[in-house]
Amino acid sequence: MPVVYDLVVIGGGINGCGIARDATGRGLKVLLCEMNDLASGTSSWSTKLIHGGLRYLEHYEFRLVREALMEREVLWKIAPHIIRPLRFVLPHQTNARPAWLLRLGLFLYDNIGGRKLLPGTRTLDLRRDSAGRVLAAGVATKGFEYSDCSVDDARLVVLNARDAANRGAEILTRSAVVGASRSGDHWNVDIQHREDGAAGPTKTVHAKTLINATGPWVGSVLGDLACGGPKAKVRLVQGSHIVVPRLYEHDRAYMLQNHDGRIIFTIPYEDKFTLIGTTDHDYTGDPSKVKATDAEIRYLCDAVSGCFVKPVTRESVVWSYSGVRPLYDDGATAAQEATRDYVVELDAPNGAAPLLSIFGGKITTYRRLAEAALQHLEPYLPVAAGLDAGWTAHAPLPGGDHSIEAQAGLADALIKDWPFLSPMEAQRLAGTYGTNARDILGGARERHDLGFAFGAGLSEREVVYLFNNEWAQTGDDILWRRTKLGLHMTRNEAAGLATWLEDYRKTQAPGSASSTTAAARLGL
Ligand code: FAD
């Protein structure tokens, strides 16, 4: 008898991985297929905020804002290593939204989302506060400060996949769904393995239900396949960011109102940098080819330059990235007005095997989206009785099995047990892996025991850990998604890592004579 999965999820972004985790924890047999690396789509190109979205209040998205505000503290508790509270300075700029509107918005923001841990809003005298000193003359003399959180978006995806796998899900990366057809009450799903972009062998699996969580590809992936696509429409909206050397010394972010009414964030990023974004405009090309355009980079530089003492020039941009929001097309005229809420569409004509398609959503609301998706599928699935449908709100993600308060002491505890670590190295490991940093460091007694040093603090032990535990295969997987060390490494160091991984992968190939490898040598 061939295996019949309860659920095949197409797409290894935050929504696919969140659904896979939730479903597996409820006792379902789950397979997830991602055509590239996990989080290689929109989920690693966000502004990296776990936020209610103050701006969405203007569009009366009260349901979404309330749910997202509530999720901030839920997610912070289950992943205190990769989610951090962040204070935002909102200057009251003349010729922008009036102070009473900002105050009203912030009052709602503080009070509709069950806030318990994050501090509330306060008023700032920007003539005296250090946040005002870095602003250009005439920008604002007063303002407000409020709370949201920042997140390592790509790591949130991978940790959901890791937890799903720990609970029994099968996670296939570099595996594209290239065909799907209904056969009575189940699906036949064709999966093609892809190594370094080249098409490999295809195999067919069977599933009771199919989930299309392909983000920007939601409208095309199944449309291209025999079974036909979803009926709802997706609106692809491009958003770009730039990264520049740190614009100011303090650790708060700014929410700035540009002269065109748009909001621009400046966020302290990776110690040495400031992240600036974002733009908002319709996109019609191939989502995998999206790139920050010169016009967008200029727009972001101009928007911020006028606000700070330190100008932001095209030459100061060290990195830029772009993503495509897969929004539900609600017919809004402007891209920035299209709803950010999620919509799930169920298609199960005359008792045929169901297909669930996901539109829109935020990183912030992925957990609630997963719950909504599974609620829609409940009539078709053998969900074990007595299971808590909200279990993902309480179960820590891998490495996050400690309290919010304990996170601050993790780095010191690492230095105590591995005294050769510098404070910066320990901070990075604690803030990336939480309690799992100990698995990486293992029995190392001195730096030499961590194996080859690739640069920017990346050791062979960490690389092998990521290969074995987090589906990392290439230099980009490690430097831009499992970590952001790509920002800190030289080109030569990055090339050295890519070559090393290519060789390492060969030794790991099935049937390879030498699968002893670094993993065994390093005791991983
Ligand atoms: P994706 O992450 O794109 O995942 C879909 C996956 O499906 C991809 O990895 C793709 O490779 C895979 N796939 C496609 N076709 C196939 C196939 N045939 N077989 C197998 N796999 C396939 N949200 C927030 O909460 N906070 C923010 O600060 C924030 N900022 C944002 C800023 C920008 C500029 C953008 C663009 C979005 C932002 N968002 C933010 C929204 C958030 O990033 C997205 O809503 C979310 O990442 C969408 O996740 P997803 O899983 O639906 O899609």
Side-chain angles (χ1 to χ4, degrees), residues 8-20 31-53 55-56 64 67-68 71-72 75 83 86 148-151 153-154 156-157 160-161 172-180 189-194 210-225 234 236-241 253 263 265 267 275 277-281 283 286-288 290 292 296 321-328 335-336 340-342 344 357-367 369-370 373 481:
V8 166
V9 181
I10 321 175
I14 191 61
N15 289 326
C17 291
I19 293 169
L31 171 72
L32 180 141
C33 304
E34 164 52 51
M35 65 177 173
N36 297 315
D37 181 27
L38 295 170
S40 56
T42 307
S43 296
S44 57
W45 305 127
S46 82
T47 312
K48 306 174 196 314
L49 297 178
I50 296 292
H51 65 156
R55 179 176 88 69
Y56 311 146
L64 169 67
E67 185 173 282
E71 279 303 281
R72 295 180 307 183
L75 297 179
I83 294 179
L86 185 60
D148 265 325
C149 293
S150 68
V151 63
D153 49 6
L156 188 66
V157 175
N160 271 277
L172 296 179
T173 61
R174 294 173 161 95
S175 300
V177 169
V178 292
V189 185
D190 304 326
I191 302 165
Q192 184 179 66
H193 187 64
R194 289 179 181 175
L210 186 62
I211 296 198
N212 177 0
T214 55
W217 292 267
V218 65
S220 58
V221 63
L222 294 181
D224 294 346
L225 307 179
V234 66
L236 300 182
V237 174
Q238 177 173 1
S240 297
H241 291 82
I263 296 295
F265 291 109
I267 302 168
L275 173 65
T278 176
T279 55
D280 248 308
H281 57 91
Y283 182 78
D286 176 349
S288 58
V290 65
E296 286 180 304
Y321 64 83
S322 194
V324 179
R325 303 173 182 88
L327 303 181
Y328 173 72
Q336 70 199 76
R340 265 49 178 175
D341 212 343
Y342 53 82
V344 293
S357 304
I358 310 289
F359 295 82
K362 308 274 303 163
I363 300 267
T364 309
T365 50
Y366 84 93
R367 206 190 57 77
L369 182 151
R481 287 181 284 275

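Just so you know, ligand 1 is whichever comes first in the structure, and atom 1 is the first atom listed for that ligand. If you read the sequence from its start, that first residue is 1, and numbering goes on from there.
- Between the side chains of T364 and H51, no donor-acceptor pair is found at a separation under 3.5 Å.
- Heavy-atom distances between P287 and ligand 1 stay at or above 4.0 Å for every pair.
- Screening I19, V218, N212, T214 for a side chain to side chain contact (heavy atoms under 4.5 Å, CB included) involving I358 leaves a single residue, I19.
- The residues R340 and D280 are annotated as salt-bridged, a charged nitrogen and a carboxylate oxygen being separated by less than 4.0 angstrom.
- In this structure, atom 7 (O) of ligand 1 lies nearest to the protein heavy atom G11 CA, 3.2 Å.
- Inclusion of D37 in the set of residues having an N or O under 3.5 Å from an N or O of ligand 1 is not warranted.
- Remark: ligand 1 and I14 share an N or O pair separated by less than 3.5 Å (distance only, no angle test).
- The nearest heavy-atom contact from the protein to atom 29 (C) of ligand 1 is S46 CB, 3.5 Å.
- Using a 4.0 Å heavy-atom cutoff, Q238 is absent from the residues neighbouring ligand 1.
- Contacts between T278 and ligand 1 below 4.0 angstrom, taking non-hydrogen atoms only, involve the side chain exclusively.
- The protein heavy atom nearest to atom 20 (C) of ligand 1 is M35 N, 3.2 Å.
- Here I10 has side-chain heavy atoms under 4.0 Å from ligand 1, and that is the only part of it that gets that close.
- Between S240 and ligand 1, no N or O atom pair is found at a separation short of 3.5 Å.
- Residue I358 places no heavy atom under 4.0 Å from ligand 1.
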